[in-house]
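Contents: one structure, followed by commentary.
Chain identifiers are assigned alphabetically (A, B, ...) following the order of the sequence lines, protein sequences preceding nucleic acid strands; residue numbering begins at 1 within each chain. Below, all heavy atoms of this structure are taken into account, side chains as well, without hydrogens, waters or symmetry copies.
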There are 2 protein chains.
Amino acid sequence: MEKILKEWEAELRLNGFRITHPFRDVMEVIISSPKPLSPMEIFSKVRDHNPQIGLVTVYRSIEKLEQLDLLDHIHHINECQTVFPSAKAHKHLIICEKCGRSTYLDGLEIESEFKNISKEAGYEITGHWLQLSGLCEECQ
Amino acid sequence: MEKILKEWEAELRLNGFRITHPFRDVMEVIISSPKPLSPMEIFSKVRDHNPQIGLVTVYRSIEKLEQLDLLDHIHHINECQTVFPSAKAHKHLIICEKCGRSTYLDGLEIESEFKNISKEAGYEITGHWLQLSGLCEECQ
DNA sequence: GTGCTTGCAAATTCTTTGCAACTTT
DNA sequence: AAAGTTGCAAAGAATTTGCAAGCAC
């Protein structure tokens, strides 16, 4: 978590953003969460040890991190505003449907199959979006 | 489109819902659209030939159709409130990233590969969610 | 010191709810 | 006639914007 935080801060500084205390608090909460969080969830976690934080700051922090592709928006049934540190390479997310714990998986190679099927439908594929759901070790 | 409309109406009646004019207008707009629509888009299309429709009716119509699984919620970058007639079987959607035209694809068999990869991460897979994006024939 | 960032308050936007009048069955 | 449905208006949520004060560089 310290490692990712350092990376994020470096990237932010490179792009002219400033690292303030409230902003760092938001980043720490996001990075140390095992599951995607909504703006309100982030707000409430940050407030636990920084009571004067404003919800607006959470929204604006998310906005900056998204601009630099450091965050992914995670879509789930009835929940499409949660964020999670982004996958660097081409990975896919698996979410525990009970507790929300999430991880990026590596090694799924499915592109070639997509291409064939899509051609039949007349589409030229440019990207895909795959998310798995299941039960994590603890919840099984 | 007439065929789907008839199916929907039958299913609705079976479940005690009533088919009113405004409700049918909403269904027709959804069914005849080549791309997923947001509540506001549906509202504005219906209003073109039925100026007294209320936006609330659109929301409530969507709610009923969703209850019967006749509609899918389609998630897209920056847009997760659009709806599209649902796939009957186990299909996956492809969305044109330029014009939004969407189609369900058949024949993607990828479950087995998911299972292996996920086991390595300690997850037991219960479902997945896959969406392709690309360019439709016209937009290529 | 300069200029980005914060938090408040207010404004917007999106969605839901209460209710009397109206339709469908 | 009974019961679900509509559209209005108002309430609630969620997100964005304006701005003076504060902080990072």
Side-chain angles (χ1 to χ4, degrees), chain A residues 5-6 8-29 36-68 70-71 73-83, chain B residues 5-6 8-29 36-68 70-71 73-83:
Chain A
L5 186 57
K6 289 275 180 282
W8 284 17
E9 292 189 3
E11 184 71 9
L12 284 160
R13 263 187 259 267
L14 264 177
N15 286 273
F17 294 112
R18 294 181 180 177
I19 316 296
T20 64
H21 284 295
F23 190 11
R24 183 179 285 114
D25 291 341
V26 169
M27 289 192 280
E28 285 179 355
V29 163
L37 299 174
S38 67
M40 189 51 85
E41 288 171 318
I42 296 170
F43 175 60
S44 114
K45 279 179 198 292
V46 171
R47 205 171 32 178
D48 287 348
H49 61 97
N50 177 354
Q52 73 271 25
I53 184 103
L55 178 55
V56 195
T57 300
V58 174
Y59 278 100
R60 288 194 276 226
S61 300
I62 291 175
E63 194 182 12
K64 290 168 201 162
L65 295 170
E66 277 185 316
Q67 269 179 43
L68 302 183
L70 300 173
L71 279 188
H73 245 99
I74 307 303
H75 296 246
H76 215 184
I77 314 117
N78 298 322
E79 203 18 319
C80 24
Q81 301 307 336
T82 61
V83 294
Chain B
L5 186 58
K6 289 274 181 282
W8 284 17
E9 292 189 2
E11 182 72 10
L12 284 159
R13 264 187 257 267
L14 264 178
N15 286 272
F17 293 111
R18 291 178 182 181
I19 316 296
T20 64
H21 284 297
F23 191 11
R24 184 179 284 114
D25 291 341
V26 169
M27 290 191 281
E28 285 179 354
V29 163
L37 299 175
S38 66
M40 187 52 83
E41 287 171 320
I42 296 170
F43 175 60
S44 114
K45 277 177 199 293
V46 172
R47 205 171 31 177
D48 286 348
H49 61 98
N50 176 355
Q52 72 271 26
I53 184 105
L55 177 56
V56 195
T57 300
V58 174
Y59 278 101
R60 287 193 278 226
S61 300
I62 291 175
E63 194 181 12
K64 290 167 200 161
L65 295 170
E66 278 187 315
Q67 269 179 43
L68 302 182
L70 299 174
L71 279 189
H73 245 98
I74 308 303
H75 296 247
H76 214 185
I77 314 117
N78 299 323
E79 204 16 321
C80 24
Q81 301 307 336
T82 61
V83 294

Identify whether any heavy atom of A:Arg13 sits under 4.0 Å from a base atom; if not, whether one sits that close to sugar-phosphate; answer base, sugar-phosphate or nothing.
sugar-phosphate

Got a donor-acceptor pair under 3.5 Å from the side chain of A:Arg60 to the base of C:dG7?
yes

Is A:Glu9 salt-bridged to A:Arg13, cutoff N-O under 4.0 Å?
yes

Verify whether one side chain among A:Glu41 and A:Ser38 offers a donor that lies under 3.5 Å from an acceptor in the other.
yes

Counting only side-chain heavy atoms from C-beta out, which of C:dT6, D:dC25, D:dT15 sits nearest to A:Ile19?
D:dC25

Using heavy-atom distances to pick each residue's nearest nucleotide on DNA chain D, tell me which of B:Phe23 and A:Arg18 is more 5'.
B:Phe23

Report the residue (B:Gln52 or A:Phe17) whose heavy-atom-nearest nucleotide on DNA chain D is the more 5′ of the two.
B:Gln52

Within the distance-only criterion (no hydrogens, no angle test), does the side chain of B:Thr57 pair as donor or acceptor with the backbone N or O of B:Ile53 below 3.5 angstrom?
no

Measure the spacing between CZ of B:Arg47 and CD1 of B:Ile42 and express it to the nearest 0.5 Å.
13.0 Å

What's the separation between atom CG in B:Asp48 and atom CG in B:Asp25, rounded to the nearest 0.5 Å?
11.0 Å

What's the [atom1]-[atom2] distance between [X] and [N], to the nearest Å?
X	N	atom1	atom2	answer
B:Leu55	D:dT6	CG	C1'	13 Å
A:Met27	D:dA24	CE	P	12 Å
A:Glu79	D:dA13	CD	P	16 Å
B:Asp25	C:dT24	CG	C1'	15 Å
A:Arg47	C:dT6	CZ	P	17 Å
B:Leu12	C:dT24	CG	P	15 Å
A:Leu65	C:dT5	CG	C1'	14 Å
A:Glu9	D:dA24	CD	P	12 Å

Between [N] and [X], is there an OP1 or OP2 to side-chain N/O distance shorter than 4.0 Å?
X	N	answer
A:His21	C:dT5	no
B:Tyr59	C:dT16	no
B:Thr20	D:dT5	no

